[in-house]
Amino acid sequence: MEISNKIIIAGGTGFLGLNLARSQTERDYEVVILGRNQPQTKGDWRYVNWDARSLGPWASELENATALVNLAGRTVDCIKTPDHCDEILRSRVEATDILGKAVRQLDSPPPVWVQMSTAHRYGDPPECICDEDSAFGYGLAPFVAQEWEAAFQRAVLPDMRQVILRTSFVIGRSGGALQRLAKLVRWGLGGTVGHGRQGMSWIHEQDMNRLFLRAITDDSMQGAYLATAPQPVSNAEFMRALRKALKMPIGLPAMSWMVRLGAPLLMRTDPELALYGRYCVSRRLREENFEFEYPDLDSALVDLYR
């Protein structure tokens with residue numbers, strides 16, 4: 001039975017999923033988004049409801065598909081209450097588990113499964129540069145990544161090509177955390193956060209889409225990759241470049257104690273997302289000659305805010 005030209009994006013109603021859907025429909029793929037709620041924006045994709053926990057009619061969409069891309073998981077941009085931590089873990093593991101059950105009931109499952117993970121698997125080392133072979137970190141995010149990837153290994157069929165993308169901070173026009181940072185910069189509050197030495201590994205949305213496409217179409221891609229641009233920067237450098245791109249000459253710094261007070265009260269988020277970070281560079285993408293359109297932060301931000 002022939003494979004269709006259809007890509008299934010599980011958990012595709014957020015910033016990354018809609019960017020990917022838009023990118024792939026422009027390449028004449030049929031895109032089906034699995035989500036709990038209708039996307040807020042319209043596009044040439046098709047939306048199919050699922051609860052990310054149980055089998056249903058949605059599973060038939062996977063039959064003869066070109067690829068399955070799994071992005072499902074609750075946002076980590078929140079206050080880390082016990083309930084939220086539980087949801088962050090369960091939403092990823094349960095969605096991956098049920099996709100595994102779905103592909104097992106198909107006559108012709110997708111030949112490739114591209115699985116989202118996070119660069120935060122490597123923790124928050126203050127100085128060292130991490131690649132795919134680096135030691136994994138300690139804490140909530142590394143634990144969630146570990147369980148997420150373990151669920152994937154249980155769920156994926158042995159004869160499916162398997163690609164894991166340990167994704168860094170995706171910067172783009174239409175969503176994600178960059179919008180929040182840009183708003184702070186425009187308010188004159190976009191200075192260094194904490195000591196400013198924490199690493200910020202990032203990737204432009206277009207390079208992320210190109211990496212997804214390569215994972216879907218390139219039969220040589222297999223295993224885990226860091227999805228990150230080759231030039232990570234410190235928080236101080238990132239905020240300086242963002243102020244420059246937005247033509248804001250000043251940015252008041254935020255001391256660590258200010259972030260710990262203000263992040264949960266004013267931004268309704270976890271202060272550690274800003275106070276800690278990591279420097280990641282992908283050895284595998286370099287060795288496999290993946291060419292970034294935006295390898296450095298200045299060119300990426302110029303494109304986004306020109």
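Here the structure is a predicted model, which means the values were calculated and not measured.
- Electrostatic pairing of K6 and E61 counts as a salt bridge here, judged by a charged N lying under 4.0 Å from a carboxylate O.
- Ring to ring, F169 and F238 are close: their centroids are under 6.0 angstrom apart.
- No donor-acceptor pair closer than 3.5 Å links the side chain of R121 to the backbone N or O of F136.
- Using a 4.5 Å heavy-atom cutoff, the side chains of Q162 and Q153 are in contact.
- Among residues at least two apart or in separate chains, there is no side-chain hydrogen bond (donor to acceptor under 3.5 Å, both in side chains) pair with a member in residues 8-18.
- For the pair L16 and M116, the minimum side-chain heavy-atom distance is below 4.5 Å.
- Checked by atom type, the side-chain pair S23/R27 shows a donor-acceptor distance below 3.5 Å.
- Legend: side-chain hydrogen bond (donor to acceptor under 3.5 Å, both in side chains) pairs involving residues 171-181, not counting sequence neighbours, sorted by first then second residue: D77-R180, R173-D303.
- The backbone N or O of I216 lies less than 3.5 Å from a partner atom in the side chain of R161, making a donor-acceptor pair.
- Using a 3.5 Å distance cut-off with no hydrogens or angles, the side chains of S168 and S201 do not pair a donor with an acceptor.
- Side-chain atoms of E63 and S60 include no donor-acceptor pair closer than 3.5 Å.
- Between the side chain of N235 and the backbone N or O of Q198 there is no donor-acceptor pair closer than 3.5 Å.
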* Does the side-chain contact (heavy atoms from CB on, under 4.5 Å) test come out yes or no for S134 and D131, once each step is laid out? -> CA-CA 5 Å; S134 297; D131 65 13; 3.5 Å; yes
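- The closest donor-acceptor contact from the side chain of E132 to the backbone of L226 lies under 3.5 Å.
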